[in-house]
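Taking it in order: structure first as structure tokens, then the write-up.
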Amino acid sequence: MLMRDEIKAAAEAVLFVRGEQVPIDELVEILDVPLLDLKGIMQELVMEYNEKKRGLQIVFEDYTYLMCSRAEYSDFLARMNKTVQRRLSPAAMETLALIAYQQPVTRTEIESIRGVKSDKVLNHLLDKGLICEAGHKAVLGKPLIYATTQEFLRIFGLAGLKDLPRLEEDKKNVRQINRRRDND
Amino acid sequence: MLMRDEIKAAAEAVLFVRGEQVPIDELVEILDVPLLDLKGIMQELVMEYNEKKRGLQIVFEDYTYLMCSRAEYSDFLARMNKTVQRRLSPAAMETLALIAYQQPVTRTEIESIRGVKSDKVLNHLLDKGLICEAGHKAVLGKPLIYATTQEFLRIFGLAGLKDLPRLEEDKKNVRQINRRRDND
Amino acid sequence: MGYMVDLEAFHGPMDLLLYLIDENQVDIYDIPVALLSEQFMAYLERSGEYQLDMMGDFLVMASYLLHLKARMLLPAAPGLEEEAEEDPREELVQKLQQYRKYKEAAEQLVNLQMGKTKRVFFGNRDAFAGENEVLHAELRLLVKAYQAVLERFEEEEPQMHIPQEDVNVHEKMDEILQVLNEKEGSISFVELFARAVRRRELLGLFLALLELVRQQKVAARQEETFGDIRILLRVGNEDVDEG
């Protein structure tokens, strides 16, 4: 069994690493401390953070604990000009690549090549402004067609779509895909 | 101008939100405090964290500050994190270890130690953001050199490169070879 | 010993060599080169399907071992007995130890990753990424993703499998001599083996090369350990000059 101070320290570490709201039940499980004991200990910890006017605080709400920065220091945080680099998920990258090379393309076409449902990943790419809806295909059902945007060209450093690197096997594959599409 | 305690609190907030190593120059800019003053204040802050045996610590290395969990609590955190860990292939791990300990290092140097072509595995590590190209070696042909990234430190739980586990020195081995030869 | 060996289990020739040293319980400072090179070759011959591009690395090591074996058989030059004679195996021992060091380091890193040894954890930076985020966009990754999805798509198509016929070593010997004549008597090891499409063919080509070296019809020169090897056509007893 851990000492009171150790439990506090371990709870700090857990909340720090998670950086999101952690339900009290989960904390009970991770730290292996009975619920009632933990509640009391966490109350003390929250108060310690508040008394010392630290840069961080622990907020208890809806049976969850959240470690976050204190509102007083939000100005500094806004001043951080350092940008965070985000990577696209493999699924998003793959879908984006398909659209880039095969545009304009419908969702059904994308899904038939990827072999998986792609509505969520398409919405994600739309939100990021990397693709846009570019009208409707003139076939039964008039499905939406997707294309890449200026933003896409900008972040990948392309002057235009014709600057996309050509693949050796590209032509053959496109033919194959078209064939498959016709068969569907 | 901020009070000493306010500067500490603001620095805490910044390090917390960034969740990675923050160069001291950047901290000077964000907090608008002269470098020498900031160094002293941060030294105090680091000590305060250490004295109280908290769950978090601030580590100063290579002119950067990093807020991270304390190693004592790694058991709780490892248990919690289990589901998100992805394993690298043995070949990738071996190459990554080589780069970590020998950096900066060229592809030819890596291949001469591993005895196998390593371009694919290097690309894989680059894609994962675990290594980066860190300039060119000043020798004939100016080959690219590779180094590990912040992401590497994050994934393997190191506050800095000096925390890499100690390896058995090969000096001892060389001595052994010489001794043996003399005996023959 | 009719079982197939999974060469894929070894991430390179050094790894296989270390395995053989452990398996035979021999001293790394006194490697029985003849025995190990024999076993090493046996592994290559018995191995199942293997990535072609890595097979080349195994063959480079095999040829190095054979070269080492030959040097060990040479009698010590007379008159040099007073000087401490260099053990031809020394370089290999050092390389193996260096390699083993990083192999062990890799295990330690895995322990750190899994939290089996004490480690720190960074904060969750994903929780706070706000307006300041930029997408890490690299054209190379986009192209790679496209190639990967197309490959996956192609795999679903039924594919023809061409049955493999066995490879004749004598044919391969003729082939090497012919290539050497076309290339004015000199070709790099890597270039020569890049011609082979299948694993069996690679091995046949390698055995053919060994036989040609034995018959002194060609010579193999290696500038540095584990470096590329140049195959040279021998005319009479003279090496063809490079360049």
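Labels below follow one simple rule: chain letters A, B, ... track the order of the sequence lines, proteins then strands, and each chain is numbered from 1.
- Residue Met67(B) comes nearest to Phe16(A) through the heavy atom pair O-CZ, 3.2 Å, listed as atom of the first residue, atom of the second, then distance.
- Residue contact with chain B, scored on non-hydrogen atoms closer than 4.5 Å, involves the backbone and the side chain of Leu31(A) alike.
- Between chain A and the options Gly19(B), Ala13(B), Ser69(B), the largest number of non-hydrogen pairs under 4.5 Å is found for Ala13(B).
- No side-chain heavy atom of Arg54(A) sits under 4.5 Å from any side-chain heavy atom of Lys8(B).
- Rounded to the nearest 0.5 Å, atoms CD (Glu12(A)) and CD (Gln57(B)) are 12.0 Å apart.
- In this structure, the portion of Lys53(B) lying under 4.5 Å from any heavy atom of chain A is its backbone and not its side chain.
- Contacts between Val17(A) and chain B at a heavy-atom distance below 4.5 Å involve the side chain alone, from C-beta outward.
- Summarising the local packing, CD of Gln43(B) is surrounded by 12 or fewer heavy atoms from other residues, nucleotides or ligands at distances under 6.0 Å.
- With a 6.0 Å radius and a threshold of 12 heavy atoms from other residues, nucleotides or ligands, Glu29(A) has its CD atom at or below the threshold.
- Heavy-atom contacts from other residues, nucleotides or ligands closer than 6.0 Å to CD of Glu48(B) number more than 12.
- Closest approach of Phe76(B) to Ile30(A), counting heavy atoms only: CD2-O, 3.3 Å.
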